[in-house]
Peer 1: 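The structure follows.
In what follows, every chain begins at residue 1, and chains take the letters A, B, ... in the order their sequences are listed. Fair warning: this is a prediction, and the values are worked out from it, not measured in the lab.
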Number of protein chains: 2
Amino acid sequence: MVVDVINAKLHENSYRLTGQRKAVLNVMLENKGRHLSAEEVLWEARKILPNIGIATVYRTLEKLASLEVLYKSMFEGNKYRYELAENEKHHHHHVLCLACGQISEVSGDLLHELESKLDDQGYKIIDHELKFYGYCPTCTRKQ
Amino acid sequence: MVVDVINAKLHENSYRLTGQRKAVLNVMLENKGRHLSAEEVLWEARKILPNIGIATVYRTLEKLASLEVLYKSMFEGNKYRYELAENEKHHHHHVLCLACGQISEVSGDLLHELESKLDDQGYKIIDHELKFYGYCPTCTRKQ
DNA sequence: ATAATTATGATAATGATTATCATTATATAG
DNA sequence: CTATATAATGATAATCATTATCATAATTAT
Ligand SMILES: [Mn+2]
Ligand SMILES: [Mn+2]
Ligand SMILES: [Zn+2]
Ligand SMILES: [Zn+2]
């Protein structure tokens, strides 16, 4: 997602692009493809802005997620992770390695068939989330 | 899942079928198809065994989940829910209504194609989890 | 410049889950 | 059966991610 687009989205909602928000955004932009926890974002952001507080990081991540600049998902079950939303990758899914914890991505969307079946039943499906659990190629080889 | 099977599973692992575990099991058996939180299980179990503690409920739910007598999943994001595992329904998936919170079930498994694609890439996929978010038929009609 | 709005950081509160530990129940060995 | 080892329980403290509170600071509108 281009920075201008993000800027526009913030502006639309009359959010100010403060130094703290810039710092958080930079962290996410420099970590395309990674899935960071709030605390990880905090550590990175403090390299840019040493006094930024954890509450601000949470607030910023939530705002950016609500604007769909970021995606928010839960892998370990106790902690959310955030990643930069890239348009072409919308609706990608995840493979979580049970050995090393690595998160890899699966693109492609085979779920339209199921979704239209649900539509026929009267549901209105907005979104879906798919996670695979198993072993990544590296860990599979080591077994 | 039949009670005898559960009994056998417990026995195999030399777990004792105590009054507390019976109470939790009864709660789950009487709530087939529902997805209960630990606290909800506690309230129900206390109707049978008034002094059962929350720690024991957690311990029992975890044990039963590890034996695959129960399935454990997270819907709201902050709280796990447990449901009785029924063999024929293995790998069913969920639709979460964004309006009323109702959880309904989807059977069918269209994911083998994706899983075999991942296998080709060297992954060893053990399990998957699929959630749909949207509106249930009732809430869709009300809109 | 003044007043209103929005944002921030420190810190307390919350809520689900897990750990600890003394006590109790159950099983096993002699 | 009795002693002893093992497993289970309940009360409660600890943990940890997230949210709420609130006084202060920054930005915007008047
Ligand atoms: Mn991703
Ligand atoms: Mn279910
Ligand atoms: Zn791995
Ligand atoms: Zn509904």
Peer 1: Is there side-chain contact between A:Tyr135 and A:Leu98, with heavy atoms separated by less than 4.5 Å?
Peer 2: yes

Peer 1: Is it true that A:Glu68 and A:Lys9 make a salt bridge, defined as a side-chain N closer than 4.0 Å to a carboxylate O?
Peer 2: no

Peer 1: What is the distance, rounded to the nearest whole Å, between atom CD1 of A:Ile54 and atom P of C:dG9?
Peer 2: 11 Å

Peer 1: Does a salt bridge link B:Arg59 with B:Glu62, judged by any charged N lying under 4.0 Å from a carboxylate O?
Peer 2: no

Peer 1: For B:Gln20 and C:dA25, is the shortest distance between a side-chain N/O and OP1 or OP2 below 4.0 Å?
Peer 2: no

Peer 1: Which is true for B:Arg59 with a 4.0 Å heavy-atom rule: it touches a base, it touches only sugar-phosphate, or it touches nothing?
Peer 2: base

Peer 1: In this structure, how many angstroms lie between the C1' atom of C:dT17 and the OH atom of B:Tyr58, rounded?
Peer 2: 5 Å

Peer 1: Output the rounded distance in Å from OH (A:Tyr80) to P (C:dG15).
Peer 2: 16 Å

Peer 1: Could you check how far NZ of B:Lys22 sits from C1' of C:dT26, rounded to whole Å?
Peer 2: 13 Å

Peer 1: Within a reach of under 6.0 Å around NZ of B:Lys131, are more than 12 heavy atoms found that belong to other residues, nucleotides or ligands?
Peer 2: yes

Peer 1: Take atom CG of A:Asn13 and atom P of C:dA7, then tell me their distance rounded to the nearest Å.
Peer 2: 11 Å

Peer 1: What residue among A:Thr60, A:Leu61, A:Thr56, A:Ile54 forms side chain to side chain contact (heavy atoms under 4.5 Å, CB included) with A:Tyr58?
Peer 2: A:Ile54

Peer 1: I need the CD1-P distance between A:Ile52 and C:dG9, as an integer number of Å.
Peer 2: 6 Å

Peer 1: Is a side-chain donor or acceptor of B:Thr18 paired with a backbone partner of B:Arg21 at a separation under 3.5 angstrom?
Peer 2: yes

Peer 1: Roughly, in whole Å, what's the span from CZ in B:Arg21 to P in C:dT24?
Peer 2: 19 Å

Peer 1: I need the CG-P distance between A:Leu10 and C:dT6, as an integer number of Å.
Peer 2: 15 Å

Peer 1: Side-chain heavy atoms nearer than 4.5 Å, only ILVMFWY residues, links allowed to pass through others: does that put B:Leu64 and B:Leu29 together?
Peer 2: yes

Peer 1: First contact, last contact: which nucleotides of DNA chain D are these for chain A, 5' to 3', heavy-atom distance under 4.0 Å?
Peer 2: D:dA17 to D:dT28

Peer 1: Can a side chain N or O of B:Ser37 be found less than 4.0 Å away from OP1 or OP2 on C:dA16?
Peer 2: no

Peer 1: Are B:Arg16 and C:dA25 close enough that a side-chain N or O sits under 4.0 Å from OP1 or OP2?
Peer 2: no

